[in-house]
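Convention: sequence-line order gives letters A, B, ...; per-chain numbering from 1. All values below were derived from every heavy atom in this structure, side-chain atoms included, with hydrogens, water molecules and symmetry-related copies excluded.
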2 protein chains.
Amino acid sequence: MPPGRPPRQADIARIAGVSQATVSVVLGGNRAGVRMADETRRRVLEVAEDLGYVPHPVATRLASARTNMIGLYTFRTTFPTDVADSYYPILVGVEEAAASLGQDLVLFTGTTGGGTHSAAAIRRVRIADGCLFFGRHVPGEPIARLVDSGFPLVYIGRRHELAGRIPYVGADYVTASADLVTSLHDLGHRTIRYVRENDDAPPSADREHGVRRAAPDAVLTRLEHGTLPVDTVRGWVRDGVTAIVVEETDTGAAYTAVRRALDAAGLSTPDDVSLAVLGRPPTPDGGVTGFEVPFRAMGGQAVHLLVDLITEQETVPQRLLRCPPVAGRTAGAAPKRS
Amino acid sequence: MPPGRPPRQADIARIAGVSQATVSVVLGGNRAGVRMADETRRRVLEVAEDLGYVPHPVATRLASARTNMIGLYTFRTTFPTDVADSYYPILVGVEEAAASLGQDLVLFTGTTGGGTHSAAAIRRVRIADGCLFFGRHVPGEPIARLVDSGFPLVYIGRRHELAGRIPYVGADYVTASADLVTSLHDLGHRTIRYVRENDDAPPSADREHGVRRAAPDAVLTRLEHGTLPVDTVRGWVRDGVTAIVVEETDTGAAYTAVRRALDAAGLSTPDDVSLAVLGRPPTPDGGVTGFEVPFRAMGGQAVHLLVDLITEQETVPQRLLRCPPVAGRTAGAAPKRS
DNA sequence: CTGAAAGCGCTTACAG
DNA sequence: CTGAAAGCGCTTACAG
């Protein structure tokens with residue numbers, strides 16, 4: 001055996017005077033109920049030990065269909081430069097769960113190879129046993145191919161595309177938003193203003209859906225350029241608005257705009273007007289009434305769901321996680337009607 | 001082709017009416033100067049596209065070509081829960097470079113499979129073409145095996161183990177620390193106190209080395225339990241210490257301890273005493289004199305070095321990156337000697 | 001220019 | 001109970 005080349009089963013077999021397959025059986029534990037004569041087993045193990053044998057993982061994987069690698073395809077940089085990004089906790093959850101299930105994680109950045117999310121880039125995920133997807137949009141054609149071919153995949157975040165055939169683990173923004181608005185209603189608020197960004201991804205649509213369910217009369221303002229004129233906010237309060245509900249997304253644009261306008265207008269919460277956020281505002285602003293988005297759990301559950309799909313377990317392929325309310329100090333009882 | 005099974009070269013060959021080997025040659029680019037009739041090539045490529053073919057990375061690797069996957073083995077969680085962690089920028093740099101080189105990234109967590117960094121866990125990295133390692137310590141035996149067998153690997157951070165045969169990309173803490181202390185000397189400081197944590201990993205040892213080179217007389221204090229008594233600091237200043245140099249690590253323990261002691265003692269910088277940090281303190285504390293650690297560049301260069309190693313380019317296998325000084329406002333001219 | 005064969009190192013039926 | 005064979009999906013000599 002030349003130096004520099006790791007020993008293989010064939011080397012052991014030759015020295016121990018048995019077949020390579022026998023070595024495989026002995027070293028692979030006693031799977032499939034195969035039994036070996038003790039003497040044979042002993043000799044094989046001894047030679048293996050002597051040679052410092054270590055199985056070649058690539059060969060092992062090729063011979064046994066699975067790779068124990070799951071993919072993570074992001075339609076953006078995997079590691080956001082802005083660490084405060086809500087995306088980060090998802091990664092933590094994904095990694096945690098993957099490790100606990102003995103799965104390695106393959107990162108596909110999509111931007112690899114120049115073409116932005118070319119069909120070829122997406123196809124590459126097949127190198128793993130299954131793949132997690134994360135991003136605001138679904139490139140229909142390539143994803144459809146994967147789903148149709150039975151390739152196990154799970155979206156992180158609710159999806160309705162492909163006639164609802166995409167497995168996902170999302171956050172229940174509808175219920176959380178409705179509950180939050182209902183709690184405002186319970187505090188006596190009857191005239192609510194709802195501010196959201198100008199983006200129609202599912203998380204935004206779901207929040208609006210929830211708000212409308214709980215407060216059909218709430219008037220909606222879509223932020224055009226991410227800013228809100230001071231006078232507009234003043235006008236709302238003058239006209240009887242007692243509570244403002246703001247969408248919260250990765251960028252936090254809507255919340256920031258409202259917060260700035262309120263500050264500039266000299267309006268304080270909850271005294272002059274109540275404020276609730278459909279999520280969590282950026283960390284420095286503690287105490288804002290809203291709800292928690294279980295990002296980490298979403299990542300973890302997505303991995304578990306994916307592995308269930310890969311191993312063909314019976315499972316619920318579309319899951320919505322609850323977003324626990326955050327009490328906060330920016331929403332209070334509505335003033336008595338004048 | 002049954003649904004659920006990804007297409008393989010044999011499928012393409014059958015449909016295109018050529019041999020599997022021909023498919024391999026066409027799809028593998030025109031290696032080995034093999035040429036194909038344009039018509040054959042076209043047909044194969046077309047069928048491959050139709051079928052959404054993607055090479056099986058494990059088979060590719062076993063047949064001893066490349067997979068274009070590079071591994072990242074961390075002796076800890078890949079995504080630190082504490083995002084402020086210095087480790088994060090390294091990841092950003094790694095991903096950026098990997099994407100730009102068309103390499104997918106495989107995350108190996110080491111903790112996978114229960115055993116902490118068992119030899120088996122480390123062996124798994126052979127699935128990739130090469131692997132980046134990151135962590136304070138080097139598990140000698142498994143790493144030695146990899147290196148001996150010629151498997152390409154690169155450590156992020158300087159290593160001296162295995163008789164200096166481990167390729168790495170590190171930060172030049174020695175020079176940066178020496179320069180920082182020299183700059184204090186230039187400001188007139190002659191009695192310098194050096195505070196470090198009680199850990200002997202290379203980054204700590206290198207910093208100490210640099211400090212000692214520039215100021216052989218500097219007295220060293222090793223932090224026992226991460227705290228520094230107020231009286232101790234008062235005593236230093238009373239005894240003529242005009243500058244304190246503090247080690248900076250991930251935890252920031254030493255800096256935090258010194259900062260707290262100074263505050264508690266009512267000593268201000270740079271008026272009562274100058275303060276310099278061997279790195280960057282945690283973000284909220286801006287303006288501290290110290291130096292930048294090029295984490296992101298380290299990650300990026302490590303990837304480039306690894307790919308060079310994989311493709312057997314001539315290259316410098318051990319690189320130390322410069323840490324640019326940060327002027328800051330906590331170090332000033334030493335008071336005139338009394 | 002193209003195909004058939006051998007082989008990468010292992011696992012898993014399948015014969016003896 | 002054990003060995004020889006086939007095969008995982010690919011690449012790379014080697015013949016035609």
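- OP1 or OP2 of dT11(C) sits under 4.0 Å from a side-chain N or O of S24(A).
- Residues V18(B) and A59(B) each lie close to DNA chain C; by heavy-atom proximity, the contact nearer the 5' end of the strand is made by V18(B).
- Looking at residues two or more places apart in sequence or on another chain, you find a side-chain hydrogen bond (donor to acceptor under 3.5 Å, both in side chains) between R319(B) and Q301(B), T315(B).
- The stretch residues 15-24 of chain A participates, sequence neighbours left out, in no salt bridge (Lys or Arg N to Asp or Glu O under 4.0 Å) pair at all.
- The shortest distance between the side-chain N/O atoms of Y53(A) and the OP1/OP2 oxygens of dG9(C) is not below 4.0 Å.
- Atom-to-atom, CD of Q20(B) to C1' of dT11(D) comes out at 8 Å; the value is rounded to the nearest Å.
- In this view, V47(A) and I12(A), I15(A), A16(A), L51(A) satisfy the side-chain contact (heavy atoms from CB on, under 4.5 Å) rule, not counting sequence neighbours.
- When each of dC10(D), dC10(C), dA4(C) is scored by its nearest atom to the side-chain atoms of S19(B), the top-ranked nucleotide is dA4(C).
- Qualifying side-chain hydrogen bond (donor to acceptor under 3.5 Å, both in side chains) partners for R42(A), counting only residues two or more places apart in sequence or in other chains: E39(A), E46(A).
- Taking a pair as Watson-Crick or G-U wobble with both distances under 3.5 Å, the runs of three or more consecutive pairs in DNA chain D are C:1-3 with D:14-16, C:5-12 with D:5-12, C:14-16 with D:1-3.
- Note on ring orientation: taking the six-membered ring where Trp is involved, the planes of Y88(B) and Y88(A) are perpendicular (angle over 60°, cut-offs 30° and 60°).
- Judged as a salt bridge (Lys or Arg N to Asp or Glu O under 4.0 Å), and not counting sequence neighbours, the contacts of R158(B) are D206(B).
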